[in-house]
Amino acid sequence: MPGAVWVEAVDYPIGTPSTESLHRVFGTTAGGADWSCFVKKLQSVRYSPVLEQMPMEFRESFIEYMPWQLEIAVHRSGVGELLPEGMRLATAYRIDVYDDERGTIWMENIVQEPGPWPLERFGRAAYLLGRLSARRQPHLVEPLLPRPHFGTPGYALRYYANGRVMQAALPALADPETWRHPMLAAAVTNLGEYGLRDDLLALGERVPAVLDALDALPQCYQHGDASPQNLLVPHDKPDEFVLIDWGFDCPQAVGFDLGQLLIGLAHAGELSPEALPAVHTVILREFQEGLAAEGMQVSHDDVLYGYLGSLLVRAAFTALPDDGAPQELFEHRVLLTRAMVDLVSQAI
């Protein structure tokens, strides 16, 4: 007779509309041995509540654009063989794909190393991401999920910029009513960040030129969403990273992955914005060393622009919280936005 089985919903906010649900399944065998797995249910974004928040004229293009099968493609591709030593994919036990544009991945349940990331771990992650980027230059590999336009440099970032940034974020930042929100106004006053709005709008005017400059830089297929939350550190192997939740599956400017590595924990409230300059210095240096270790020679200025230009478009205009967030989060995100603005101004 089989042993007991129980299921736990994962207490983590789902930010990707192609993820339907996350669960951990635990059990014991008939012989009394414990086992577990992580279950991720995927879906076309046509089923996501996010779609209802979008104007009708953008919905079909978003459904076509958003690759709900990308993580399945990751596990079915040979990308695991390209990962440098110290990085690996989670073991996939079973993958089910259904006729209604849904799927399920049953995979290894990673028990993570507790506690904050030390600076050295950021550096090691950046070094390995640099090696991975060099191994995935466009003349060496194909997209994980081949689709029209996704071989075009910067296609995914432009899609994001033209929608989320140009159509939503920048108009909201330009609206004086946004800055009259009691929580945001109090945060700006408490922190003395009266110039933040003007700085963001000035950078917003440069987005089209930044996108053109990014496309002219050396390009790599990269992880695409390399925040620490997607670089899992197993508790029994603290020098290893298990890569999950890949994204932006097209050539991007070299250094693209460093943006999410920098701000992922700060965006989640797990790292102080004041710590970002030190993290920035380490990850920029180590990423370049990773590129060089694989024989990819790129100038410091090109990596810096690829990293910070991508960070600007991807994150700087969208970090301020939504209505209903607590005052502490508004203040934290104002500080985070200021930190990004100051870093980006080094290169843009």
Side-chain angles (χ1 to χ4, degrees), residues 7-10 12 14-27 35-45 47-48 63-112 125 128-129 131-138 140-147 150-151 156 220-237 240-252 256-257 260-261 264:
V7 179
E8 295 180 1
V10 175
Y12 187 82
I14 296 175
T16 305
S18 57
T19 299
E20 180 180 347
S21 66
L22 302 170
H23 291 85
R24 288 186 174 91
V25 182
F26 300 89
W35 61 267
S36 67
C37 67
F38 189 91
V39 181
K40 184 170 188 175
K41 297 184 69 175
L42 304 168
Q43 63 181 3
S44 166
V45 296
Y47 298 116
S48 172
I63 292 169
E64 181 180 354
Y65 164 81
M66 192 68 189
W68 70 270
Q69 318 97 315
L70 179 59
E71 195 157 359
I72 294 172
V74 167
H75 286 283
R76 289 178 170 174
S77 75
V79 72
E81 299 173 5
L82 288 177
L83 297 179
E85 185 177 357
M87 284 183 163
R88 67 176 180 90
L89 300 179
T91 301
Y93 302 131
R94 173 172 171 165
I95 298 175
D96 297 315
V97 179
Y98 313 117
D99 292 337
D100 61 349
E101 297 184 292
R102 287 186 167 99
T104 305
I105 304 178
W106 302 72
M107 70 184 90
E108 177 184 5
N109 180 36
I110 304 294
V111 179
Q112 297 187 64
L128 294 175
L129 287 169
R131 293 189 64 183
L132 176 61
S133 296
R135 293 181 180 191
R136 300 190 71 227
Q137 295 175 69
L140 299 174
V141 300
E142 298 289 336
L144 297 167
L145 186 66
R147 290 171 291 156
F150 273 76
C220 306
Y221 290 95
Q222 300 174 62
H223 177 280
D225 195 7
S227 67
Q229 294 93 322
N230 294 334
L231 308 178
L232 307 183
V233 179
H235 75 99
D236 55 347
K237 293 184 178 179
E240 182 177 84
F241 299 99
V242 181
L243 276 58
I244 63 170
D245 292 356
W246 295 56
F248 282 72
D249 182 35
C250 73
Q252 300 288 356
F256 177 92
D257 270 346
Q260 291 301 102
L261 180 63

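Owing to the predicted nature of the structure, the values given are computational and were not obtained by experimental measurement. In this chain, residues are counted from 1 in sequence order.
- The minimum heavy-atom distance linking Leu70 with Gly247 is given by the pair CD2-CA, 3.8 Å.
- A heavy-atom distance below 4.5 Å is found between the side chains of Thr16 and Met66.
- No side-chain heavy atom of Val141 sits under 4.5 Å from any side-chain heavy atom of Val79.
- Within the model, atoms CD of Gln229 and CD of Gln112 stand 9.0 Å from one another, a figure rounded to the nearest 0.5 Å.
- Side-chain contact between Leu243 and Asn230 is absent, with no heavy atoms from C-beta onward closer than 4.5 Å.
- Within the 4.5 Å cutoff, the side chain of Trp68 has no heavy atoms near those of the Val45 side chain.
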Worked verdict on Val74 versus Asp249 for side-chain contact (heavy atoms from CB on, under 4.5 Å): CA-CA 10 Å; Val74 167; Asp249 182 35; over 6 Å; no
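- Side-chain contact check for Leu140 versus Leu82: every heavy-atom pair is 4.5 Å or farther apart.
- Looking at Val25 and Trp35, their side chains come closer than 4.5 Å, going by heavy atoms from C-beta outward.
- With contacts defined as side-chain heavy-atom distances shorter than 4.5 Å, the pair Val233/Phe241 qualifies.
- One distance of note links CZ of Phe248 with NE2 of His223; it measures 12.0 Å at 0.5 Å rounding.
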Give the table of side-chain donor-acceptor pairs shorter than 3.5 Å for residues 85-98, with sequence neighbours excluded, one pair per line with atom names and distance.
unit_1, atom_1, unit_2, atom_2, d
Arg88, NE, Glu240, OE1, 2.9
Arg88, NH1, Glu108, OE1, 2.9
Arg88, NH2, Glu108, OE2, 2.8
Thr91, OG1, Glu108, OE1, 3.4
Arg94, NE, Asp96, OD1, 2.9
Arg94, NE, Asp96, OD2, 3.1
Arg94, NH2, Asp96, OD1, 3.4
Asp96, OD2, Trp106, NE1, 3.4
Tyr98, OH, Thr104, OG1, 3.1

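- Atom OG of residue Ser18 and atom CD1 of residue Ile63 lie 12.5 Å apart, to the nearest 0.5 angstrom.
- The minimum heavy-atom distance between Leu42 and Glu20, with the atom names listed, is O-OE1, 4.2 Å.
- Within the model, atoms CZ of Arg135 and CD of Gln222 stand 14.5 Å from one another, a figure rounded to the nearest 0.5 Å.
- Side-chain N or O atoms of Gln260 include none that pairs as donor or acceptor with a backbone N or O of Asp257 at under 3.5 Å.
- Separation of the Phe150 and Tyr65 ring centroids falls under the 6.0 Å cut-off.
- Val111 has its side chain out of reach of Pro234: every pair of non-hydrogen atoms, C-beta onward, lies at least 4.5 Å apart.
- Under the side-chain hydrogen bond (donor to acceptor under 3.5 Å, both in side chains) criterion, the residue pairs touching residues 70-82 are Lys40-Glu71, with sequence neighbours excluded.
- Of the inter-residue distances, the one linking Tyr221 atom OH with Leu144 atom CG reads 9.0 Å to the nearest 0.5 angstrom.
- Looking at every heavy atom in both residues, Asp100 comes nearest to Tyr47 through O-OH, 2.7 Å.
- Summarising the geometry, atom OG belonging to Ser36 is positioned 9.0 Å from atom CD1 belonging to Ile110; distances are rounded to the nearest 0.5 Å.
- Across all non-hydrogen atoms, the minimal contact from Pro228 to Leu261 is CD-O, 3.7 Å.
- Closest approach of His23 and Ala9 over heavy atoms only: CD2-CA, 3.5 Å.
- Looking at every heavy atom in both residues, Gly151 comes nearest to Pro251 through O-CG, 3.7 Å.
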